[in-house]
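Worksheet: the structure to be examined is printed underneath.
Just so it is clear: chains get the letters A, B, ... in the order the sequence lines come, proteins before strands, and each one is counted from 1. Just so you know, these numbers come straight off a predicted model, no measurement behind them.
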There are 2 protein chains.
Amino acid sequence: MPKETFLNLPQAKREKIINAAIAEFADSPYERASLSRIVADAGIAKGSMYQYFENKRELYLYIMDLVYQKKKSFLQDVFIDSSDFFAVLKKYYKKSYLFAVEYPLYHKIINYYWEYYHEEFEQEIKESKDLREADFIRMLNDAVKSGQVNKKASPKVAFFVYHSVGKELIDNFLHLPTDDTGKHLQFIEAVLDILAEGLQVRKE
Amino acid sequence: MPKETFLNLPQAKREKIINAAIAEFADSPYERASLSRIVADAGIAKGSMYQYFENKRELYLYIMDLVYQKKKSFLQDVFIDSSDFFAVLKKYYKKSYLFAVEYPLYHKIINYYWEYYHEEFEQEIKESKDLREADFIRMLNDAVKSGQVNKKASPKVAFFVYHSVGKELIDNFLHLPTDDTGKHLQFIEAVLDILAEGLQVRKE
DNA sequence: ATCCAATGTGACCCACCAGTCATATTAAAT
DNA sequence: ATTTAATATGACTGGTGGGTCACATTGGAT
C-alpha cells in the first residue's frame, strides 16, 4: 500500500517515518491522529508523505499491517499443539497479554482498531472478526468431537462470548500497572476458568 | 447542568433543542458531534446555546443524564424479585435489549458513551462502572450464600466477564436487523447459559 | 557540463470546529 | 411612551485538519 517511492527510501528514513506513525496511532485513534504531527515528528515535509502514501488511510492500513504481522509471529507457537481446547485458549490470551507488555505501542494501536468507532474501517474489522470466528469454530468443533466441549453449546454463541471477553481483556491491559505480570496472568486464567466451567454450582 | 435560562424556555423550544442534541449524539460520538449542527437543527443561533449551557460538555452530560434516567426507569422492574441470580441476569439483559429496540437513539448514545474512547469522560465512566460492579458483587454474594453460585469464583472476575459480555451485547444490537426480536432474545439467553454453565463437558 | 526525471518542500486551500461578543430584539415594569 | 434587564443573534476569532501544487533540489545518465 505504500508507493514505490517509499520502498526506495533509505532504511533509516523509512524507519523514522514508520516510528513517527506508530507513535501517533498509538497515541490517538485513527480519526484523531494527525498527519501534520506525524510528518513533523518524522522530520519530513507534508508533501513528501503524499509521495509515499496515497493518503492518511493508506498509511494507517500499512501500519496496521506491520503491527499485525508482528503479533501474528509473536503468537505463532500457541497453536502448535491444539489437542487441548481450553489449554490453547489460555495460552492464547496469556501470550496476547505478554505481547501487550512487550510491545505497548503495538498493543495500543490494535486496541484502538477494535475499540474505537470507525465507520471508515467497518469492512476491514468485520473481515478480521469473521476470520477469527471461522478459526474458533473449527477448533471448537474438534473439541466437541474429542469430548472436551459440551455439544449443546452453539458455536456462534461460544465465539461471541470469547470474543467479547478477549476484547475487554485487551482493553483492560492498558489500564493496569505494568509490573505485577503474575497477578494479571492469574486474572486471565480465572476469567477463562469461568468461561469453561460456568458460575453456577454444579449439581450432578 | 443547564443554566436557568434553559429551564425558563417554553417547553416546545426546549424539546426542539433536546431532540436535536439527541439526534446528533446518537449519530456521532461526543468528539465528532457538532454543536453547529445541533443549533442548526434546533433552529436557534449558536450564541443562544451558550445562554443555555456552559459548553458542549455540559450539554452532553445533560443529555446523558436524561437518557440514563429513561433507561433506569425502563429497567426498574428487573430487580424487584432478586431471589434467582441467573434469572435476574437474564431479565436484565433481555430488557436492555428491548430498551434498545424501543429507544434506538438513546441506545446509540449509551453505546457511544461506553464504547468510544473518551479521555474527557474517563472519570465519569469509571464511576458508572464501579457502581455497577458494587451492585453486581452484592447480588453475587447473596447468590453464593443461597447456594446458586460456585463459591470458588472471584466476584471481581465474575463481574469482569458479565460486564464484557454485556458491553458487547449492547454493541451488537446496533448491527442487527430490528425485526426478529425473538431470535435475538434467544441469542442472549444462550450467551447467559454459557456464562452460567460453562462450555466444558461436566464430568461429575 | 548539461539535462532530465525523480524526489522533496512548505505555503496555501478549503472545510470544520468550539466558543465569543457587540449588537439587536423582546417583553415586562414604570 | 420610556426605561431596563433578560434573552437572542450570527459574524467573527483562532485553531486544526487533510490534501494540493508550483517550485526547488538532487543525483545519475549523457
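Residue F6(A) is out of contact with every strand shown, counting any heavy-atom pair closer than 4.0 Å. I38(B) comes within contact range of no nucleotide atom at all, as no heavy-atom separation falls under 4.0 Å. Residue-level contact check: R57(A) touches neither bases nor backbone, having no heavy atom under 4.0 Å from any strand. S48(A) comes within 4.0 angstrom of a base, heavy atoms only. When heavy atoms are screened at a 4.0 angstrom cut-off, F53(B) is found touching no nucleic acid atom at all. Within the nucleic acid shown, A40(A) has no heavy atom closer than 4.0 Å to any nucleic acid atom. At the heavy-atom level, K13(A) lies under 4.0 Å from the strands shown only through sugar-phosphate atoms.
The distance from the NZ atom of K183(A) to the OG1 atom of T181(A) is 12.0 Å, given to the nearest 0.5 Å.
Residue K56(B) has its side chain nearest to dA18(C) when only dA18(C), dG8(C), dG19(D) are considered. In this structure, the nucleotide among dT7(D), dA18(C), dG18(D) sitting nearest to the side chain of S36(A) is dG18(D). Candidate nucleotides dT9(D), dA8(D), dG19(C) were compared by shortest atom distance to the side chain of Y52(B), and dA8(D) ranks first. Closest to the R37(A) side chain, of the nucleotides dT7(C), dG17(D), dG10(C), is dG17(D). Comparing atom distances between the S34(B) side chain and each of dG8(C), dG10(C), dA18(C) picks out dA18(C) as nearest. Side-chain proximity of N55(B) to the nucleotides dG19(C), dT7(C), dG19(D) is greatest for dG19(C).
One atom, CE of M49(B), and another, C1' of dC21(C), lie 18 Å apart when rounded to the nearest Å. Straight-line distance from the CD atom of E54(B) to the C1' atom of dA18(C): 13 Å, rounded to whole Å. dG19(D) atom P lies 13 Å from atom CD of E31(A), rounded to whole Å. Atom CD1 in I17(B) sits about 10 Å away from atom P in dT9(D), given to the nearest Å. One can place CG of L35(B) at 11 Å from P of dT20(C), the figure rounded to the nearest angstrom. Residue E24(A) contributes atom CD, which lies 12 Å from atom C1' of dG17(D) at whole-angstrom precision. Counting to the nearest Å, the C1' atom of dG8(C) and the NZ atom of K3(A) are 13 Å from each other. Atom-to-atom, CG of L9(B) to C1' of dT7(D) comes out at 9 Å; the value is rounded to the nearest Å.
For the pair K95(B) and F74(B), the cation sits on the ring face: its NZ or CZ lies under 6.0 Å from the ring centre, inside 45° of the axis.
Checked by distance alone, K46(A) brings a side-chain donor or acceptor within 3.5 Å of a matching partner on the base of dG18(D).
With E24(A) as the fixed residue, the salt bridge (charged side-chain N to carboxylate O under 4.0 Å, His left out) test singles out one of R37(A), R32(A), K56(A): R37(A).
Of the residues near DNA chain D, Y30(A) and Q51(A), the one whose nearest nucleotide (by heavy atom distance) lies more toward the 5' end is Y30(A).
Between dT7(C) and N8(A), a contact under 4.0 Å exists linking OP1 or OP2 to a side-chain N or O.
Here H184(B) and Y97(B) bring their ring centres to under 6.0 angstrom of each other.
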Begin with the C-alpha distance, continue with both residues' side-chain angles, and end with the deciding distance and a verdict on side-chain hydrogen bond (donor to acceptor under 3.5 Å, both in side chains) for K167(B) and S164(A). CA-CA 8 Å; K167(B) 209 170 136 185; S164(A) 312; over 6 Å; no

Set out, in order, the CA-CA distance, both residues' side-chain angles and the distance that settles ring pair (Phe, Tyr, Trp, His ring centres under 6.0 Å) for Y113(B) and Y30(B), then state yes or no. CA-CA 8 Å; Y113(B) 179 72; Y30(B) 177 73; over 10 Å; no

